[in-house]
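A short write-up of the structure that comes next.
Keep in mind that this is a model prediction, so the values were computed, not measured. A note on names: the letters A, B, ... follow the listed sequences, proteins ahead of strands, and every chain is numbered from 1. FYI, side chains are in, hydrogens and waters are out, and symmetry mates aren't considered; it's all heavy atoms of this structure.
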Amino acid sequence: MNYWLMKSEPDAYSIDHLAVQKKQIDHWDGIRNYQARNFIRDDMMMGDLAFFYHSSCEIPAIVGIIEIVSSAYPDYTAFDPAEKYYDPKSDINNPRWFMVDVFLKRKFRHHVSLKAIRTETELQDMRLVQKGNRLSILPITKREWNHILMMEN
DNA sequence: GCCAACGTTGGC
DNA sequence: GCCAACGTTGGC
(Lines give C-alpha, C1' and ligand atoms only; values in the text may rest on other atoms or scores of the structure.)
Protein backbone atom coordinates (compact mmCIF):
# COMPACT_ATOMS: atom_id res chain seq x y z
CA MET A 1 0.00 0.00 0.00
CA ASN A 2 1.61 3.21 -1.24
CA TYR A 3 0.77 6.90 -1.11
CA TRP A 4 1.09 9.26 -4.06
CA LEU A 5 0.49 12.77 -5.25
CA MET A 6 -0.90 13.20 -8.76
CA LYS A 7 -0.91 16.55 -10.52
CA SER A 8 -3.42 17.89 -12.96
CA GLU A 9 -4.07 21.32 -14.36
CA PRO A 10 -7.67 22.08 -13.37
CA ASP A 11 -8.30 23.88 -16.67
CA ALA A 12 -7.59 20.59 -18.42
CA TYR A 13 -8.93 18.16 -15.83
CA SER A 14 -10.00 19.12 -12.32
CA ILE A 15 -11.32 17.07 -9.43
CA ASP A 16 -14.81 18.18 -10.44
CA HIS A 17 -14.32 16.54 -13.82
CA LEU A 18 -13.68 13.29 -11.99
CA ALA A 19 -16.63 13.88 -9.68
CA VAL A 20 -19.12 13.82 -12.55
CA GLN A 21 -17.83 10.58 -14.10
CA LYS A 22 -19.95 7.50 -13.85
CA LYS A 23 -19.14 5.81 -10.52
CA GLN A 24 -16.62 8.65 -10.05
CA ILE A 25 -14.03 6.54 -11.87
CA ASP A 26 -11.88 7.70 -14.79
CA HIS A 27 -8.60 6.87 -16.47
CA TRP A 28 -5.57 9.05 -15.73
CA ASP A 29 -4.06 9.56 -19.16
CA GLY A 30 -1.44 11.82 -20.65
CA ILE A 31 1.62 10.89 -18.63
CA ARG A 32 4.54 11.51 -21.00
CA ASN A 33 7.48 11.51 -18.65
CA TYR A 34 9.58 8.38 -18.11
CA GLN A 35 10.06 8.79 -14.38
CA ALA A 36 6.34 9.28 -13.82
CA ARG A 37 5.63 6.40 -16.21
CA ASN A 38 7.91 4.11 -14.23
CA PHE A 39 6.17 5.04 -10.99
CA ILE A 40 2.73 4.09 -12.27
CA ARG A 41 3.88 1.06 -14.25
CA ASP A 42 6.23 -0.44 -11.68
CA ASP A 43 5.28 0.77 -8.24
CA MET A 44 1.64 1.80 -8.25
CA MET A 45 -0.79 -0.86 -7.08
CA MET A 46 -4.54 -1.26 -6.90
CA GLY A 47 -5.69 0.06 -3.55
CA ASP A 48 -2.99 2.73 -3.34
CA LEU A 49 -4.19 6.18 -2.34
CA ALA A 50 -3.20 9.49 -3.90
CA PHE A 51 -3.74 13.17 -3.33
CA PHE A 52 -5.32 14.98 -6.27
CA TYR A 53 -3.25 18.13 -6.82
CA HIS A 54 -4.22 21.16 -8.87
CA SER A 55 -1.21 22.72 -10.61
CA SER A 56 -0.65 25.75 -12.84
CA CYS A 57 -3.63 27.61 -11.45
CA GLU A 58 -4.43 30.49 -9.16
CA ILE A 59 -3.97 28.58 -5.92
CA PRO A 60 -1.99 25.36 -6.44
CA ALA A 61 -3.29 22.92 -3.84
CA ILE A 62 -4.22 19.41 -2.82
CA VAL A 63 -7.95 19.19 -3.34
CA GLY A 64 -8.95 15.62 -2.57
CA ILE A 65 -8.19 11.93 -2.31
CA ILE A 66 -8.34 9.34 -5.06
CA GLU A 67 -7.83 5.58 -5.02
CA ILE A 68 -6.01 3.58 -7.68
CA VAL A 69 -8.54 1.03 -8.92
CA SER A 70 -6.67 -0.69 -11.77
CA SER A 71 -3.20 -1.86 -12.51
CA ALA A 72 -1.25 0.02 -15.16
CA TYR A 73 -2.33 -0.54 -18.76
CA PRO A 74 -1.31 1.05 -22.08
CA ASP A 75 -2.33 4.68 -22.52
CA TYR A 76 -4.33 4.35 -25.72
CA THR A 77 -4.44 8.11 -26.26
CA ALA A 78 -0.81 7.79 -27.37
CA PHE A 79 -1.95 5.76 -30.39
CA ASP A 80 -4.49 8.28 -31.70
CA PRO A 81 -3.19 11.10 -33.94
CA ALA A 82 -6.25 13.15 -33.01
CA GLU A 83 -5.27 13.16 -29.35
CA LYS A 84 -3.32 15.94 -27.74
CA TYR A 85 -0.84 13.49 -26.27
CA TYR A 86 -0.42 11.38 -29.41
CA ASP A 87 3.03 9.84 -29.58
CA PRO A 88 3.95 8.14 -32.85
CA LYS A 89 6.80 6.38 -31.08
CA SER A 90 4.46 4.47 -28.82
CA ASP A 91 3.74 1.22 -30.66
CA ILE A 92 0.52 -0.62 -29.93
CA ASN A 93 2.52 -3.84 -29.66
CA ASN A 94 5.15 -2.22 -27.46
CA PRO A 95 3.45 0.63 -25.62
CA ARG A 96 5.64 3.37 -24.27
CA TRP A 97 3.06 5.07 -22.04
CA PHE A 98 0.77 3.71 -19.37
CA MET A 99 -2.15 4.85 -17.25
CA VAL A 100 -4.29 3.72 -14.36
CA ASP A 101 -7.92 4.12 -13.38
CA VAL A 102 -8.70 6.29 -10.38
CA PHE A 103 -11.74 6.56 -8.13
CA LEU A 104 -12.68 9.76 -6.31
CA LYS A 105 -12.82 8.92 -2.63
CA ARG A 106 -13.56 12.42 -1.45
CA LYS A 107 -13.01 16.09 -2.09
CA PHE A 108 -11.29 18.03 0.65
CA ARG A 109 -13.53 20.33 2.64
CA HIS A 110 -10.51 22.62 2.90
CA HIS A 111 -7.86 22.66 0.20
CA VAL A 112 -4.27 22.29 1.38
CA SER A 113 -2.33 24.85 -0.64
CA LEU A 114 1.24 24.59 -1.83
CA LYS A 115 1.89 27.75 0.12
CA ALA A 116 0.67 26.13 3.34
CA ILE A 117 2.70 22.99 2.64
CA ARG A 118 5.83 25.10 2.22
CA THR A 119 5.45 26.49 5.73
CA GLU A 120 5.40 23.07 7.40
CA THR A 121 8.79 21.99 8.68
CA GLU A 122 7.61 18.36 8.65
CA LEU A 123 7.03 18.53 4.89
CA GLN A 124 10.28 20.06 3.66
CA ASP A 125 11.46 16.71 2.26
CA MET A 126 8.50 16.43 -0.11
CA ARG A 127 9.58 16.67 -3.72
CA LEU A 128 6.61 18.94 -4.27
CA VAL A 129 8.24 21.77 -2.35
CA GLN A 130 11.73 21.24 -3.66
CA LYS A 131 13.15 23.49 -6.32
CA GLY A 132 12.69 22.56 -9.92
CA ASN A 133 10.29 19.73 -9.30
CA ARG A 134 8.28 18.93 -12.40
CA LEU A 135 7.21 15.35 -11.86
CA SER A 136 3.48 14.82 -12.23
CA ILE A 137 3.45 11.64 -10.11
CA LEU A 138 5.21 11.75 -6.77
CA PRO A 139 5.52 9.16 -4.01
CA ILE A 140 4.61 10.38 -0.53
CA THR A 141 5.47 8.87 2.82
CA LYS A 142 2.79 7.78 5.26
CA ARG A 143 4.03 10.44 7.67
CA GLU A 144 3.60 13.16 5.03
CA TRP A 145 0.20 11.76 4.07
CA ASN A 146 -1.04 11.91 7.64
CA HIS A 147 0.38 15.36 8.20
CA ILE A 148 -1.48 16.74 5.20
CA LEU A 149 -4.71 15.11 6.36
CA MET A 150 -4.22 16.87 9.67
CA MET A 151 -3.66 20.17 7.87
CA GLU A 152 -7.01 19.86 6.16
CA ASN A 153 -8.75 20.22 9.50
C1' DG B 1 4.01 36.74 -19.29
C1' DC B 2 8.44 35.58 -17.18
C1' DC B 3 11.84 32.46 -16.21
C1' DA B 4 14.33 28.63 -13.76
C1' DA B 5 14.83 23.93 -14.01
C1' DC B 6 14.57 20.16 -16.25
C1' DG B 7 13.98 16.52 -20.10
C1' DT B 8 14.47 15.45 -24.97
C1' DT B 9 16.44 15.67 -29.51
C1' DG B 10 19.79 15.30 -32.84
C1' DG B 11 24.25 16.60 -34.99
C1' DC B 12 28.88 15.50 -34.44
C1' DG C 1 28.81 9.77 -25.59
C1' DC C 2 28.78 14.86 -25.54
C1' DC C 3 26.36 18.93 -25.52
C1' DA C 4 23.83 22.89 -27.60
C1' DA C 5 19.33 23.94 -28.87
C1' DC C 6 14.82 23.49 -28.03
C1' DG C 7 10.44 22.35 -25.64
C1' DT C 8 7.82 21.81 -21.35
C1' DT C 9 6.47 22.43 -16.60
C1' DG C 10 4.72 25.13 -13.20
C1' DG C 11 5.23 28.71 -9.58
C1' DC C 12 5.06 33.44 -9.31
Side-chain angles (χ1 to χ4, degrees), chain A residues 2-21 26-44 48-68 72-102 104-141 143-153:
Chain A
N2 308 300
Y3 296 100
W4 305 93
L5 181 142
M6 298 170 74
K7 296 182 186 174
S8 183
E9 298 184 21
D11 287 347
Y13 194 94
S14 76
I15 197 164
D16 289 320
H17 285 96
L18 178 56
V20 298
Q21 299 303 311
D26 205 355
H27 55 278
W28 194 280
D29 63 12
I31 293 169
R32 298 292 181 269
N33 169 282
Y34 289 105
Q35 229 181 321
R37 189 276 312 267
N38 293 347
F39 276 140
I40 68 163
R41 188 191 60 187
D42 305 334
D43 298 331
M44 209 173 248
D48 283 358
L49 296 177
F51 287 132
F52 195 126
Y53 179 84
H54 282 171
S55 67
S56 289
C57 56
E58 194 178 351
I59 304 176
I62 293 169
V63 297
I65 295 175
I66 53 184
E67 179 180 346
I68 311 306
Y73 61 97
D75 183 339
Y76 52 76
T77 66
F79 307 135
D80 183 354
E83 288 282 348
K84 181 181 176 192
Y85 292 109
Y86 171 60
D87 181 357
K89 290 181 224 157
S90 186
D91 189 281
I92 200 157
N93 295 311
N94 184 21
R96 175 174 299 201
W97 306 115
F98 290 79
M99 59 184 171
V100 292
D101 291 342
V102 299
L104 177 60
K105 290 208 77 160
R106 70 178 179 90
K107 289 167 64 173
F108 274 5
R109 290 177 295 278
H110 308 291
H111 293 182
V112 177
S113 70
L114 176 63
K115 195 176 169 187
I117 291 169
R118 282 194 196 286
T119 66
E120 297 292 303
T121 52
E122 295 89 342
L123 300 179
Q124 293 313 299
D125 289 339
M126 285 183 71
R127 295 180 73 167
L128 184 69
V129 300
Q130 284 162 12
K131 209 165 123 179
N133 164 62
R134 289 166 41 188
L135 262 186
S136 59
I137 308 280
L138 302 173
I140 294 191
T141 67
R143 185 181 299 270
E144 291 160 350
W145 179 271
N146 288 332
H147 191 87
I148 287 164
L149 288 183
M150 185 200 72
M151 288 172 73
E152 187 205 356
N153 301 308

inquiry  = It should be established whether A:K7 places a side-chain nitrogen or oxygen under 4.0 Å from OP1 or OP2 of nucleotide C:dT9.
reply    =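 It does not, given that no N or O in the side chain of A:K7 lies less than 4.0 Å from OP1 or OP2 of C:dT9.
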task = Taking only the side-chain nitrogens and oxygens of A:Y53, find out if one of them lies under 4.0 Å from OP1 or OP2 of C:dG11.
result =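 The answer is yes; a side-chain N or O of A:Y53 sits under 4.0 Å from OP1 or OP2.
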Take the protein atom [atom1] of [X] and the nucleotide atom [atom2] of [N], then report the distance between them rounded to whole Å.
X: A:L135; N: C:dT9; atom1: CG; atom2: C1'; result: 11 Å
X: A:L138; N: C:dG11; atom1: CG; atom2: C1'; result: 15 Å
X: A:Q35; N: C:dT9; atom1: CD; atom2: P; result: 15 Å

query = Counting any heavy atom closer than 4.0 Å, what does A:R118 reach on the DNA or RNA strands: base, sugar-phosphate only, or nothing?
reply =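 Sugar-phosphate, backbone atoms only, no base.
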task = Remember a base hit wins even if backbone is also touched, and classify A:K89 as base, sugar-phosphate or nothing at under 4.0 Å, heavy atoms.
result =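 It contacts sugar-phosphate atoms only.
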message = Suppose we call two aromatic rings close when their centres sit under 6.0 Å apart. Are A:W4 and A:F39 close by that rule?
response =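 Close enough - the centres of the two rings lie under 6.0 Å apart.
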Between [X] and [Y], does any side-chain donor sit less than 3.5 Å from a side-chain acceptor?
X: A:D101; Y: A:Y73; result: yes
X: A:Y13; Y: A:D26; result: yes
X: A:S90; Y: A:R32; result: no

request  = For the side chain of A:K131, starting at C-beta, report the closest nucleotide among B:dG7, B:dA5, C:dG11.
outcome  =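 Minimum distance to the A:K131 side chain belongs to B:dA5.
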